[in-house]
Structures are given as C-alpha cells and as structure tokens.
2 protein chains.
Amino acid sequence: MARIVMKFGGTSVADIDRIRNVARHVKREVEAGHEVAVVVSAMAGKTNELVAWTRAASPMHDAREYDAVVASGEQVTAGLLAIVLQSMGIHARSWQGWQIPIRTDNAHGAARITEIDGSFLIKRFGEGQVAVIAGFQGLGPDNRIATLGRGGSDTSAVAIAAAVKADRCDIYTDVDGVYTTDPRVEPKARRLAKISFEEMLEMASLGAKVLQVRSVELAMVHRVRTFVRSSFEDPDAPGMGDPINPPGTLICDEEEIVEQQVVTGIAYAKDEAQISLRRVADRPGVSAAIFGPLAEAHINVDMIVQNVSEDGSKTDMTFTVPTGDLDKAVAVLEKVKPEVGFDAIQSEAGLVKVSVIGIGMRSHAGVAATAFKALAEKGINIRAITTSEIKISILIDGPYAELAVRTLHSVYGLDKH
Amino acid sequence: MARIVMKFGGTSVADIDRIRNVARHVKREVEAGHEVAVVVSAMAGKTNELVAWTRAASPMHDAREYDAVVASGEQVTAGLLAIVLQSMGIHARSWQGWQIPIRTDNAHGAARITEIDGSFLIKRFGEGQVAVIAGFQGLGPDNRIATLGRGGSDTSAVAIAAAVKADRCDIYTDVDGVYTTDPRVEPKARRLAKISFEEMLEMASLGAKVLQVRSVELAMVHRVRTFVRSSFEDPDAPGMGDPINPPGTLICDEEEIVEQQVVTGIAYAKDEAQISLRRVADRPGVSAAIFGPLAEAHINVDMIVQNVSEDGSKTDMTFTVPTGDLDKAVAVLEKVKPEVGFDAIQSEAGLVKVSVIGIGMRSHAGVAATAFKALAEKGINIRAITTSEIKISILIDGPYAELAVRTLHSVYGLDKH
C-alpha cells in the first residue's frame, strides 16, 4: 500500500466525460489499496473566463476579490469529481483550500503556501476516504481565499504530498512524460524514465512547459518523488497501476538515478533579445547601476556576459531580456546612460537560447566543447554563452533554433535507446 | 442615516454592465450616508449551469458536493461587485457565507439559517465599509458550505437584515413592486405602496412570484421592513434614494398600514387538480389514512373540503394537488382504497385556484359573499372553497382564470386609485 497524491490539470477535467475518465484513474489506485488524495484545476477555459470578468469589472482590481472570484473554478471541479467518484462507489469528499486549511502568505494572486497540517487528511485516509482537493488556492492570514498564481495547482499537489508524506505525487497532464527535448522539434526525442530535481528545474525554467518551476522547487526541497504522466491514456491499460514504474517520467533525487547520462536533455527558449552596452566604465557598482533600474521596471534579465576590453578600463556588457520587454529595457537604459557611462546600446530581438542539461556534466569534461564544435560544423553562430554546474546555455539566431536543438540532441546521443 | 440591506437577484447581475448598474444603486445609498450591506445571487443562468453539471456527474449526488459546486455562483458575483464598487471609489469587500459565518443547519441543498452574528459586519459598517455578501449560502455544522435552496438569496438578505438590525431590506428584482394582481392578466392592476407580512405570505405562496415564501416568513418573525423594488430603473432617478418612501412596495407590520383596504390583492395558481373520494366511511382516522400516504409520496395537498353525506355515515372528501402529481396521487389512493374504504375516485386536472387576500376581511362581513355573487354573475362555476382569516380561495375551471381574476379585482375596487 502506498500513499499517492494525483493531480489533474484543466484539460484533463475540461468536461464531465473527462472528469469521469479522471475518476477511473483514481478508482484504479484506490482499488489497488492505495491511500489517495486528488488535486484538481479548474475546467479548461473557466479560469480565463473568470479572470476576464475581473478585468472587465475593473482593470485595476483588488487581488483579494480576484482570488475569491477565480478560486471558484477549482471549487467546482473538486465537487464534480467527488460526485462522480461517489457514483462509482468510492468514498470521496471535496476539500476547498480554506477547509483543510492550506495556509498561505498574504500575497493575494501569487501567494505562497506557508503551512499544511496533513494530519486531518491522514485521518480521513485511515477511514478509507479519498480527498478531492481544489488546487491553486489556500487561506491567507486575513481569513480570505488566496490563489497561488497560474499553474499553482502543481504546487498545491506537491505541497500536499509533502504534508501527508506521500510516497508519490503523480502529475497527470496532456503529455505522457518529460522528453529529452521537444518532440515537435526533434521527432527522435525520447521519454526519460527518470530525471533529477535539479535537471527538471533547468528544463522547466528553460521552456519545457510540463511542470511549473515552483512545484519542482518545492518537490526538490521536500524530496517528493513526482511522476509526470498522461491523463489521456486508458486508465486500465496494462502497467498504468504499476506502483513502482508507472508509464511516465519520475522526477526524483539524483541518487535514485542509477545510470546517469552525461546529458539528460536539450531545452530551448524562444523570443529572447540581446542587449549589448559598449565600452562601459569598469568601476565598482556599475552592474548595480545597470541592472537595478531594469529590475525596478520588472524586466527579467537572463544571460549576462561581461568581457573586459583591451586596456582594462572599459568593458562590454551583454545580456538577454524577453523580446517583449526589449523596447522598455532600452528606454530604461537610455535614461541611466549619463550615470552609468557607456558609449552605445546595441540590441537585437528574435534570438533563441538553447540549453544542454545534465547532472553528469559535473564529472565530465568537454561537454561544452562538444556543443560548440557541433554547432560550428552546422555553421551556427554563437552569440553568447553562460554555464552552470549542470547546464550550458547558448544564445543563437532565431532561425537556427530547430537545427541547433536537433544537432545537440544527436551529438550527445540522446536519440539512441 | 439608516442601515440598509440591498439584495439583487440573478437577472440584475447577469453581466458586468448590469453589475455596474447595481453598483450605482449601492453608490446612491452610500453617498446618502447610509450603512450598506449588499446580498447578491449568481449571474443569471450560472446556477442552472452548475446544477446541470452536478446532474451530469451523477443523477443521485451528495448534497454536500452539490452545495460546494453551486455556491460558487454567488461567490463570483460578490467578488465582481466588490471590484466594481472599489473602482467607483467605494470602500467595499466581499464576504462568503463561511467567512461571516452565516450558520445553517445540516440540511444540505435546502438548509435553514440558524444563526448570524451581525457584530462583525456592524463593526465594518463603523469603518465605512460596504459588505458585499454571497447570498444563498452558509456554513453547516460540518464546516462545509450549505445552500439554502432556490430563491435562498432573498432569505439570506432578510436574515442578514435581522442580524444587523437594519432599518430596511430592499429586495431589488425585475418588477417594481407588489401589485394588486398579476398585471399581465389585469392591466388595471395597481402597485401597492404597502402590504402586511401576513398578506404578502398569502400572495407569495399563492403564486405571486415576487418573493420567496421563506424570506417573507423570516421578515415577519423578525419584523424586517422589506421593500420590493426594481433594479432596472435609473439608479439616480428622482426619489430613488428617498429614505422613507422609495418607489416600490413596503412589506411591513400591519400596524404601519394606516389606511387598510378590506381586500389587498387577488392571487391565482394555475395547474391545480381536484380529486374527490365518493362515500368515504366517516370514522375516526380516515383523514390520516388518506393524507398520510399522499404525504409520504411527497404530494403536496392543498385545499381540502369535506361534506357530510345525508345519512351521516359516509362523507365526500375533495382536495387539490398540483396537476403534475395527479396520476401519482390517484395511484396512491387506489392502493389504500381497501383500507380507507370509499366507493370511487373522481379527478379533474387543469383547474385554477383564485384567492382574495386582505387583512381587512377579518373585521368585514360579506367579503366572501361578494366574491361568490360576482363570479356567479359571470357564469363561473365554483368547484370548492376554502377560507382563512385573511383569505378566500376558490377553485374554478381553468379557462375562466383570467375572467375570474379581473372580476374579483374589479368588484373589490382594486382598479380604482
């Protein structure tokens, strides 16, 4: 017997038929003797409808009222799934965030979970009850509903799994796992059986939209073994109820991954823009003078590369921002130009960041060199490079995105079984 | 300065534009210096959609889950109205049933309010805050959302008005008051300036669909002065903000009605069916033997008339049920025929009950005789009569409904100013 948290997103609960299909997944686990909590999102489209109403009511609205309105979507799904489960003879009840309660901080609209007392749910497990929990929401210190921000249901599921000490947190989604790269770009992409938390964090934040970054962070902190799997497969197909290796990708501690690959996956992020500041005065505090005002303008700066110029007194500073923020960023920089002191701003939009990810590269030399050589052979110009312990990110021209992904995917042998 | 509870139904909050119009009504009262609580229903159509989903999920569903799903409609409206009010510069916040809390009994789906501690809201009034309250819902003893059943928002409003000791409870609806009879039947029907609780109770339960019966009962018990008025009039039209006599109908204690009319209004209920049991054995317990099984079958028996037969040993028993329940009622009666003992069942569907209502008839003789004479002059056959202190109900053939209503409306002088 295991304790399992199952999470189903909006497309998986889009209508009553799909909710019925979700219930069959739940039934399978219950009949296998497991203790089960289910976390659900709002029916696909509902959250958008509710958000649109709050905007129509007033473009500048109270986040607490926004939360009260928008959280209703998950409340509805939880009740409907509980009804369907009961009709299948399963002892189930719905829980809203305020009933457990899932306590959050006061940052309405983008709250963080601060505490979940799992003992209440564990007691119900003991009574054979399945908990159907409205995701994306909790109770703020002001005794009002607080939502966790978009994609928050993944975070709800992982937090609940941590609180009830679940053996597994299964994130059911519209893909059947995490792939070595985007299969739309490289048809030879393979589904990973396992990926470490650290690698998944890089994959998630780099544009592999399977799981919210926050939920992966939380899973890593609490060491929650998290499965990414498909809600659209037949719930009763062979192997679906396998308690050890169900079909999908397990996100886990790296120690659990016996045969580590040097490189696990290739991620990419489109619509990057590059800004270069030429001949910046190389003095203490100059970075703060540049990036402080950008942060204040809520511009998310990503890759930062600094080269020292020949005489050592001037430097070139290159960094990337989302293409949508480029004009705003340039305007901010023009404003601080006298203070910072540089010769010119150069910028280019429509670039792509391709990243090679793998915990194995910590202990393997030459991983970066392999990438640079492979890209060079295809005539792909490298604009900037940043590296971390388990990641190499390379900025290239937009039109080469797919070619670069396929080239890197192949050169590290990811397309071989 | 007065303390006012304002209630807006589903058609009054059907979309953002109408919610904006509602907000203007609220603004008018706030700017007049009043303390204001607003109770809202779900946007028109939303409750039906939610109910349909619970039925699709399972025809036999847990009322507690039904409540969690369906109560979300009012939650959304409350949040949206709070947002619109804030955008108009009004200090407002939304409240859900569980936050105040509005305590109910455990009868999920048709709960009754057991307690509302108004002190919390009164404190907020003192801080100049408008309370926007989700109607139709409360918190059951099981710490789960309980809904009050259809039309429950009227009841919420009256209960809150009682709890905060409001000077007035304004029920905004799609009609502009209570009329002497249905204006679609008698164009000369006049809007009543005032009507007593007792009369309104008869009007409501007899088919004048302005206010839910339960809310009128509650208003009577707690002596809540309740105005029925239109949400579709221009919120800033002259007189709309009159603190004493706003346009609409005041439902109040009869002592407040100085010039009492003998007859206040004519109500009617269509689709009644008559059942007559011929030559029933006239012995103790025979009524229980007939009406007990009907009650168990959830058949709502209305008018009951019993005539003693010539020799005193047998009686004819006549009563009415809704036409929709007629076949079921006849089947129940056939089954108990051996036990009860009667000669035959006769029944007829498609009848109409017309009622003359007025507290004045308590002190005036001849009110009933006037009705009988007037109907006789029009050739309308009377099938059964029941009377109470303030009401005469007459069962007639369906096709005469409108003629009877107009005849009675005229004979009691209700069409004269």
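Just so we're on the same page: letters track the sequence lines, and every chain starts at 1.
Residue B:L139 touches chain A through its side chain alone, counting heavy-atom pairs closer than 4.5 Å. Proximity to chain B is absent for every atom of A:I19, based on heavy atoms less than 4.5 angstrom apart. With a threshold of 4.5 angstrom between heavy atoms, B:M43 approaches chain A through side-chain atoms but not through N, CA, C or O. Heavy atoms of A:W95 lying under 4.5 Å from chain B are absent altogether. Proximity to chain A is absent for every atom of B:L81, based on heavy atoms less than 4.5 angstrom apart.
If you run side-chain contact (heavy atoms from CB on, under 4.5 Å) between B:R24 and each of B:V84, B:D234, B:L85, only B:D234 comes through.
Between B:D142 and B:H108, the side chains place a donor N or O and an acceptor N or O closer than 3.5 Å (distance only, hydrogens not considered).
Between chain A and the residues B:S87, B:S94, B:A82, the largest count of heavy-atom pairs under 4.5 Å involves B:S94. For the set B:H61, B:R93, B:Q96, B:R64, the entry with the most heavy-atom pairs within less than 4.5 Å of chain A is B:R93.
A salt bridge is defined here as a Lys NZ or Arg NE, NH1 or NH2 lying under 4.0 Å from an Asp or Glu carboxylate O, and A:R28 with A:D236 fails to meet this definition.
Taking CG from A:N48 and CH2 from A:W53, the interatomic distance works out to 12.0 Å, rounded to the nearest 0.5 Å.
Between A:Y172 and A:H25, the ring planes are tilted. Angles from 30° to 60° get that label.
Proximity of A:M6 to A:V36: side-chain heavy atoms (C-beta onward) are separated by under 4.5 Å at one or more points.
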